[in-house]
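A short write-up of the structure that comes next.
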Amino acid sequence: MASTTTGPLSFDLKGTDGRARRGRVTVPHGVIQTPAFMPVGTRATVKGLMPRDLKATGSEICLANTYHMDISPGPKIVKKMGGLHEFMGWDKPILTDSGGYQVFSLPKTQLDEEGVTFRFEKKGGKKVKLTPERSMQIQQDLGADIAMAFDVCVPYPCDYKNAQDAVYRTIRWLERCKEAHTRPDQALFGIVQGSSYADLRGLSAQLTMGIDLPGYAIGGLSVGEGHSIMMAMIDCTEPSMVKEKPRYLMGVGYPEDIVEAVARGVDMFDCVIPTRYARSGVAFARHGRFRVSNARYKTDKYPLDTNCSCYTCKNFTRAYLNHLINTNEILGSALMTLHNVTFYQDLMRTIRTAIEEKNFEKFRVSFLQEYLAEDK
Ligand SMILES: CN(C)CCSCc1cc(N)cc2c(=O)[nH]c(N)nc12
């Protein structure tokens, strides 16, 4: 087993099966078994789950977001309250995104070499600038175990020149992030860009690997390009990424995306899908996802997934969840979220075991066959 320590983060590559990797990430607040799924807790809460429930799902790390936490309550208050872990009552690892991605999705943002300027409604439409240095300051105040570099994630599709400019600006901003990032107990991850251009993906990966960091993310995907381009871009990027450090595919994704990305060498994932879909009444199960709020489930006495051992599946029927979601009851969101995140974590656990037992390819084929079967 190869073990690499870079600052506050260690990565142990415990085994491989083809390009799939079984590993372990160790940071100040604990250990993350990989491949890992990280539930999204944008405003220092995974919507609908108390920390004790989030633990019950098997989650070992969760996300929070720089842009949202800067708006409220502000990094200085979080720092004064002891940092994110104390503030939100989560004593396991946390990762924060850098805020660039969220800001780019706002209307009327202006991008220049210094950073991104956007209009901040809460402060009476005041103009606010997010820069690599400001993003690092906020993330260091928040105190997550892993901080993400401030990058330029272009929309899809994007013309070649803009994608190329974004690759070079992201590298220049990464140098500034590394310069500004001084907190010794927080790992900084670089982010590879390159949109849907194979040569830019390879270029961005090589330039990013040239900056020594504890881990690296594949960014700029899951932005509407679709599954096949996403996989093709991973194939253009992964071979240029160092093997001894963790790879994090940002914003991914559906179970079918995750399984195929693990097969291509990805270690870490985050996505709002299981939590966001739960609140809209969509449940994930072995045979695919389904909308439990549909009339056909009104008298269905079965659990969401008969293979699932979560509190929701052990105690409640689809009929009851149908009722809760259709009457917009808070408990509906909580129970659906608990199940969906447990489903994702059970999938990750099955993936890790399959890699350990050297039968990941057999698992990949059988999982996708059942999960994507047409005749649901
Ligand atoms: C809390 N989450 C929703 C945010 C974490 S992931 C956000 C996110 C998603 C995607 N798809 C691409 C990128 C990207 O290229 N760069 C950054 N910084 N973040 C990204």
Side-chain angles (χ1 to χ4, degrees), residues 36-47 54 59 61-71 84 88 90 93-106 109 111 115-116 130-132 134-136 138-139 142 144 146-158 162-163 166-167 169-171 173-174 177 181 188-197 200-201 204-205 208 213 215-227 229-231 233-234 237 247-254 257-258 261 266 268-277 279 341 344:
F37 178 77
M38 307 183 283
V40 172
T42 302
R43 292 188 182 84
T45 159
V46 176
K47 291 178 171 52
L54 185 57
S59 300
I61 178 170
C62 70
L63 262 66
N65 194 280
T66 295
Y67 168 72
H68 298 87
M69 295 308 289
D70 187 30
I71 289 174
L84 272 177
M88 67 186 284
W90 175 255
I94 299 173
L95 179 150
T96 44
D97 194 15
S98 52
Y101 178 82
Q102 288 70 30
V103 167
F104 283 118
S105 54
L106 296 175
T109 53
L111 170 67
V116 186
L130 199 49
T131 65
R134 172 96 179 104
S135 176
M136 293 301 105
I138 295 168
Q139 292 187 77
L142 294 176
I146 301 172
M148 300 308 296
F150 190 67
D151 59 328
V152 182
C153 173
V154 294
Y156 179 81
C158 176
N162 281 327
V167 164
R169 175 161 283 159
T170 294
I171 287 295
W173 282 5
L174 178 55
C177 285
H181 192 268
L188 175 65
F189 276 23
I191 304 176
V192 176
Q193 292 291 346
S195 187
S196 54
Y197 300 100
L200 293 183
R201 282 280 162 190
S204 178
T208 308
L213 293 165
Y216 301 94
I218 300 175
L221 294 177
S222 192
V223 290
E225 74 280 2
H227 180 83
I229 294 177
M230 182 194 287
M231 295 305 136
M233 290 304 108
I234 297 172
T237 310
R247 295 93 172 260
Y248 161 29
L249 179 57
M250 304 188 84
V252 176
Y254 290 109
D257 299 328
I258 290 175
V266 174
M268 298 164 71
F269 301 87
D270 96 276
C271 195
V272 296
I273 282 175
T275 44
R276 184 174 293 171
Y277 277 44
R279 298 193 299 277
V341 177
Y344 264 65

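Everything numeric here is computed off the predicted structure, so don't read it as measured data. All heavy atoms count here, side chains included; hydrogens, waters and symmetry mates do not. Read the numbers this way: they start at 1 and go in the same order the structure lists the ligands and their atoms.
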Taking [X] for its side chain and [Y] for its backbone only, find out whether a donor-acceptor pair lies under 3.5 Å.
| X | Y | answer |
| --- | --- | --- |
| Arg43 | Ala64 | no |
| Thr66 | Asp97 | yes |
| Ser222 | Val252 | no |
| Thr237 | Met233 | yes |

Polar side chain donor-acceptor pair, Ser204 to Gln193, under 3.5 angstrom
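Judged by distance alone, the side chains do not pair up.
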Using a distance-only test with no angle check, is there a side-chain donor-acceptor pair under 3.5 angstrom linking Asn65 and Tyr101?
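Note: Asn65 and Tyr101 side chains miss the donor-acceptor criterion.
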Below 3.5 Å only, please: the N or O atoms of ligand 1 paired with protein N or O atoms, distance on each line.
from: ligand 1; atom 1: 11 (N); to: Leu221; atom 2: O; distance (Å): 2.7
from: ligand 1; atom 1: 11 (N); to: Met250; atom 2: O; distance (Å): 3.4
from: ligand 1; atom 1: 15 (O); to: Gln193; atom 2: NE2; distance (Å): 3.0
from: ligand 1; atom 1: 15 (O); to: Gly220; atom 2: N; distance (Å): 2.7
from: ligand 1; atom 1: 16 (N); to: Asp151; atom 2: OD2; distance (Å): 2.7
from: ligand 1; atom 1: 18 (N); to: Asp97; atom 2: OD1; distance (Å): 2.9
from: ligand 1; atom 1: 18 (N); to: Asp97; atom 2: OD2; distance (Å): 3.4
from: ligand 1; atom 1: 18 (N); to: Asp151; atom 2: OD1; distance (Å): 2.9
from: ligand 1; atom 1: 19 (N); to: Asp97; atom 2: OD2; distance (Å): 2.9

